[in-house]
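Quick notes on the structure that follows.
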Number of protein chains: 2
Amino acid sequence: MEPKPDPNKLMAWARLLRTQQVLLERVEAELKQAGLPPLRWYDVLLELRRAGTQGLRQFEIGTAVLLNKYNLSRLLDRLEAQDLLQRDLCEEDGRGARVRITPAGRDLLKRMWPVYGGAINAHFARHFNNKELRQLSVLLGRIPGVAR
Amino acid sequence: MEPKPDPNKLMAWARLLRTQQVLLERVEAELKQAGLPPLRWYDVLLELRRAGTQGLRQFEIGTAVLLNKYNLSRLLDRLEAQDLLQRDLCEEDGRGARVRITPAGRDLLKRMWPVYGGAINAHFARHFNNKELRQLSVLLGRIPGVAR
DNA sequence: TCAAAATGGTTGCAATCGCAACTATAGTCC
DNA sequence: GGACTATAGTTGCGATTGCAACCATTTTGA
């Protein structure tokens, strides 16, 4: 791209950045307005629910939700303080913890989904048909680290 | 989308979120590694350079880069402290300031571009051809507030 | 004209983030 | 076994963010 910027590339990049800012801001605002915690809480709890009874190691959560370890550590502190999850010590690795969702955590997920899902629809999904949604998924999935 | 999540919608949404996190993290890391300030600084300075000699009002910068006023106020403090811009008082509105880029600001833009543009390419643009880039732009541009 | 409301911008304070340093356990290699 | 390195997670501290309150000027409207 150097030294002359390529307009196609720049436009796509700029819109991607802007999309992120606009959508996150709107969705977070709806959550907050409904008296619900931020999106990150949902992400973490959702991973934990998926993981089921054996729970997850912290570093597994970290790679799943793309959060570095110090911030994750403190985010889990907050969730644990609200009884949304529990950290048990891990028998197969004396350093680590095993993190499990609690009933209160599952309940919060259930309460957040209507607002979250509604916001995804209202601010994002409703502007596209199924073919376009798949197109977006395929295109973005080509970026390393995006598809899981 | 309620109460059953639509997989097409959810997948596109999830990848959009993830794209944002992955790309921002990588690009910011390259800037930092090169001893350069964060992306936000570039955004603001770029707007100011585009605005030319008459500069911009703070609220104009705010809407351009999607930054709320308190954070913008303090971000401008930092940029001003580095002599990258100057805030003159505004004659047509006694409340406001008029913000202009300085030569040092232009210079920083020039120094940041090779790293920034290179990172856009390396982490994003190189994974797509021109048609796909235009597709992305068009699709994302349908979200209100994204196209400018 | 003048009080009320709106707008532009700043600031105090609490919460969160980023970095670097730290503790503790696991794994590796001789 | 024992040093050496790597990994899991936590924490202190400074920087940044979010929220609410604030000041000053401008606009509105009876």
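Numbers restart at 1 for each chain; the letters A, B, ... are given by sequence-line order, proteins then strands.
Atom CG in A:L36 sits 11.0 Å away from atom OH in A:Y42 (nearest 0.5 Å). Rounded to the nearest 0.5 angstrom, B:E25 CD and B:H123 NE2 are separated by 10.0 Å.
Here A:R40 lies out of heavy-atom contact (under 4.0 Å) with every strand.
Taking atom CG of A:L89 as the reference point, atom P of C:dA26 lies 12 Å away to the nearest angstrom. Separating the CG atom of A:L39 from the P atom of C:dT16 is a distance of 15 Å, rounded to the nearest angstrom. Rounded to whole Å, the distance from CG on B:L79 to C1' on D:dA15 is 15 Å. Distance CD1 (A:I61) to P (D:dA8): 13 Å, rounded to an integer number of Å. Between the CD atom of A:E91 and the P atom of D:dA8 there is a distance of 16 Å, given to the nearest Å. Atom-to-atom, CG of A:L24 to C1' of C:dT16 comes out at 16 Å; the value is rounded to the nearest Å. Between the C1' atom of D:dT25 and the CD atom of B:E92 lies a distance of 13 Å, rounded to the nearest Å. Between A:L56 atom CG and D:dG9 atom P the separation is 11 Å, expressed in whole Å.
At least one side-chain heavy atom of A:W13 sits less than 4.5 Å from a side-chain heavy atom of B:L23. For the pair B:L133/A:M11, no side-chain contact is recorded, criterion being any heavy-atom separation below 4.5 Å from C-beta on.
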Can you give one letter per nucleotide of nucleotides 5-14 of chain C, 5' to 3': B if a protein heavy atom sits under 4.0 Å from the base, S if only from the sugar-phosphate, - if neither?
-BBSBBBBB-

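Of the possible donor and acceptor atoms, none in the side chain of A:R106 sits under 3.5 Å from a partner among the backbone N and O of A:I101.
Contact check, A:N68 against C:dG18: a side-chain N or O comes under 4.0 Å of OP1 or OP2.
Salt-bridge formation is not detected for the pair B:R98/B:E91: no Lys NZ or Arg NE/NH1/NH2 atom is positioned less than 4.0 Å from an Asp or Glu carboxylate oxygen.
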